Amino acid sequence: MNGFFAWRGVLNQYTGALAMGVMSLAIILAVRPRWLEGPLDGLDKLYRLHKWLGIAGLTLAVTHWLLAKVPKWLVGWGWLERPKRGPRPPLEPGSLEQIFAQQRGLAESVGEWAFYAAAVLMILALIKWFPYRRFMQTHKWIAVAYLVLVFHSVVLVKFAYWSQPIGPLLAVLMALGSVAAVMSLFGVRASGRKVAGHVTAIQPYPALDALGVEIALAPGWPGHQAGQFAFVTLHGDEGAHPFTLASAWDPEQARVQVVIKSLGDYTGALAQRLRVGDAVQLEGPYGCFTFAGEARRQIWVAGGIGVTPFMARLQARAEQGDDREVDFFYCTAQYEPMLIEPLQALAKQAGVRLHVWWNQRDGRLDVAQLQARTPGWREADVWFCGPAGFGHSLREGLCGEGLPAARFHQELFEMR
């Protein structure tokens, strides 16, 4: 039995340390460090990693909690017998180790409650039907729970570990995580690029149940590449939402456009709530979905509201020129002439072959149909923005028949 409790002690220490290390990385990513966008291929991929680090951290924390609790329950029920402990070696009065030892009870108590709070908040973040506004309001409080767990960990990590490799590594991660947690609580991002603006025009797209919103920006916007996105705050009580910038950047005009699909309570009421002249704030730009690549041929595929990055790229290409050959498939379940007709005119100006793929008329675009209309597709860069399942099927089909995986570019536009 002594062996069981010895192993339980080791596993308890290491699951706790791993949980804090993983959660530290997750909370560092939450402040949107721009220098990681390149290595991770965009903020969308960074947020996907943040999500999975959070899930891994929660799993490790639950394991740590079970290792701490279950043996105590089993002892209490009489199913296990705890080995007798000898006297603890005396600690030097006033030493750091003694100070930590005196705080063990407090660290265990507050750490347990912080774990419960963090677990609830993490689970809420994973529930898709939990309103976005409430998610934004509650998710930042994980930072408070994290700071309490840092105190819990500093006190309860085996003191000898601080002089071993795991100690300094954990200390650095928790120090950086603590800075990031404070930044998150105060709404400070590592990029720090927030610019004010106001709504100058609103264009309804009834068939798509969407709104086009034009925004004039105050000085300070660094400019953006076609395909990037920004966090846009249209109403302070709702917070920032990520929207792809649907227009190319012209510093003389200093205006951007976003197209907002009605997908929830807030966006569904936006047509009645938003007015020309309303104040707006943008943070960005973010993303690496920028149509870069060495291939002389490109294939663009947009599904529904995923047309927005291609709108910006068409505009940039029409204004700046580009000799790469492009086939653009715009796939939509609803035919919206107020969007499609300007898109056709812009594609003509940009020298892009536009294929409007209307589901009601043409069915769903599949790999065989795309290949039949784009000879030389194996030598092309493919850029996709739209429903994740649609993108997955195209990726699997094209890469399964010879397209290098690195040439299929897909925006993972899920921020939670």
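Predicted model, so just to flag it, every value in this text is computed and none were measured. For the numbers below, each heavy atom of this structure counts, side chains included, while hydrogens, waters and symmetry mates do not.
When side chains are defined from C-beta on, Phe130 does not count as touching Ile123, because their heavy atoms never get closer than 4.5 Å. Using a 4.5 Å heavy-atom cutoff, the side chains of Val352 and Phe310 are not in contact. Residues Ile142 and Met122 are in side-chain contact: their nearest non-hydrogen atoms beyond the backbone lie under 4.5 Å apart. Within the 4.5 Å cutoff, the side chain of Lys348 has no heavy atoms near those of the Gln344 side chain. Using a 4.5 Å heavy-atom cutoff, the side chains of Glu108 and Leu156 are in contact. Using a 4.5 Å heavy-atom threshold, the side chains of Trp65 and Leu60 count as separate. Taking the side chain as every heavy atom from C-beta outward, Trp357 and Val301 never approach each other to under 4.5 Å. Proximity of Tyr286 to Arg193: side-chain heavy atoms (C-beta onward) are separated by under 4.5 Å at one or more points.
Formation of a donor-acceptor pair under 3.5 Å by the Gln228 side chain with backbone atoms of His224 is not found in this model. Side-chain atoms of Glu336 come within 3.5 Å of backbone atoms of Ala207 as a donor-acceptor pair (strictly under, hydrogens ignored). Without hydrogens or angle criteria, Arg8 side chain to Ala68 main chain gives a donor-acceptor distance under 3.5 Å. Side chain of Asp362 to main chain of Asn359: no donor-acceptor pair is present (N/O by atom type, distance under 3.5 Å, no hydrogens or angles). With Gln13 contributing its side chain and Val10 its backbone, the two residues share no donor-acceptor pair below 3.5 Å. Counting only distance, with no hydrogens or angles, the side chain of Arg297 and the backbone of Pro375 share a donor-acceptor pair below 3.5 Å. In this structure, Arg296 contributes its side chain and Glu379 its backbone to no donor-acceptor pair below 3.5 Å. The main-chain N or O of Gln349 is never found under 3.5 Å from a side-chain atom of Arg317 such that the two would form a donor-acceptor pair. Between the side chain of Ser109 and the backbone N or O of Gly105, no donor-acceptor pair lies under 3.5 Å. Of the possible donor and acceptor atoms, one in the side chain of His152 sits under 3.5 Å from a partner among the backbone N and O of Ala107.
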Verify salt bridge (Lys or Arg N to Asp or Glu O under 4.0 Å) between Asp322 and Arg313, making sure each step is shown before the conclusion. CA-CA 10 Å; Asp322 190 331; Arg313 182 57 190 157; 2.6 Å; yes
Go through the steps for Met20 and Leu173 under the test side-chain contact (heavy atoms from CB on, under 4.5 Å), then give the verdict. CA-CA 8 Å; Met20 287 306 298; Leu173 287 173; over 6 Å; no
Do Ile215 and Leu282 pass the side-chain contact (heavy atoms from CB on, under 4.5 Å) test, and can you show the C-alpha distance, the side-chain angles, and the key distance before you say yes or no? CA-CA 10 Å; Ile215 301 166; Leu282 265 71; 4.0 Å; yes
Derivation of the side-chain contact (heavy atoms from CB on, under 4.5 Å) call for Phe328 and Val307: CA-CA 10 Å; Phe328 177 23; Val307 70; 4.0 Å; yes
What's the verdict on side chain to side chain donor-acceptor pair (under 3.5 Å) for Asn12 and His64, showing C-alpha distance, side-chain angles and the deciding distance? CA-CA 5 Å; Asn12 204 30; His64 175 75; 3.0 Å; yes
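Gln315 and Ser247 form no side-chain donor-acceptor contact under 3.5 Å, judged by distance and modelled atom types alone. For the residue pair Tyr47 and Arg32, a side-chain donor N or O sits within less than 3.5 Å of a side-chain acceptor on the partner. Side chain to side chain, Ser24 and Tyr146 meet the donor-acceptor criterion of an N or O pair below 3.5 Å. Side chains of Tyr330 and Trp300: a donor-acceptor N/O pair is absent below 3.5 angstrom, by distance only.
Note that CE of Met338 is 7.5 Å distant from OH of Tyr205, once rounded to the nearest 0.5 Å. Annotation: the span from Arg275 atom CZ to Leu234 atom CG amounts to 13.0 Å, rounded to 0.5 Å. Atoms OG1 and CD, on Thr308 and Glu411 in that order, are 8.5 Å from each other to the nearest 0.5 Å. The CZ atom of Arg133 sits 12.0 Å away from the OG1 atom of Thr138 when rounded to the nearest 0.5 Å. Atom CE of Met136 is separated from atom OH of Tyr132 by 4.5 Å, given to the nearest 0.5 angstrom. Taken to the nearest 0.5 Å, the CH2 atom of Trp77 stands 14.0 Å off from the NZ atom of Lys72.
Atom CD of Glu294 is surrounded by 12 or fewer heavy atoms from other residues, nucleotides or ligands within 6.0 Å. Atom NE2 of His198 sits in a crowded spot, with more than 12 heavy atoms from other residues, nucleotides or ligands closer than 6.0 Å. At most 12 heavy atoms of other shown residues, nucleotides or ligands fall within 6.0 angstrom of atom NZ in Lys158. Within a 6.0 Å radius of CH2 in Trp141, other residues, nucleotides and ligands contribute 12 heavy atoms or fewer. By the neighbour-count criterion of 12 heavy atoms within 6.0 Å, atom CH2 of Trp113 is sparsely surrounded, having that number or fewer from other residues, nucleotides or ligands.
Shown here for Gly223 and Pro285, the closest heavy-atom pair between the two residues is O-CG, 3.3 Å. Heavy atoms only, all atoms of each residue included: Ser184 and Ala143 are closest at CB-CB, 4.4 Å. When all heavy atoms are compared, the tightest approach of Leu211 to Pro204 is CD2-CA, 3.8 Å. Cys399 and Phe408 make their closest contact through SG-CB, 4.5 Å (heavy atoms, listed as atom of the first residue, atom of the second, distance). Listed here is the closest heavy atom pair of Leu274 and His235: CD1-CE1, 4.1 Å. Taking all atoms of both residues into account, the shortest heavy-atom contact from Leu398 to Trp377 is O-CZ3, 3.6 Å.
In this structure, the ring of Phe229 has its center no less than 6.0 angstrom from the ring center of Phe243.
Under a 4.0 Å N-O distance rule, the pair Lys45/Glu37 does not qualify as a salt bridge.
Checked options Gln298, Arg373, Arg353; the residue passing with Asp327 is Arg353 (criterion: side chain to side chain donor-acceptor pair (under 3.5 Å)).
Below 30°, between 30° and 60°, or above 60°: for Phe291 and Trp383 the angle between ring planes is between 30° and 60°, a tilted geometry. Taking the six-membered ring where the residue is Trp, His241 and Tyr266 present parallel rings, their angle staying beneath 30° rather than reaching 60°.
Residues meeting the ring-ring contact (aromatic ring centres under 6.0 Å, His included) test with Phe384, sequence neighbours left out: Phe390.
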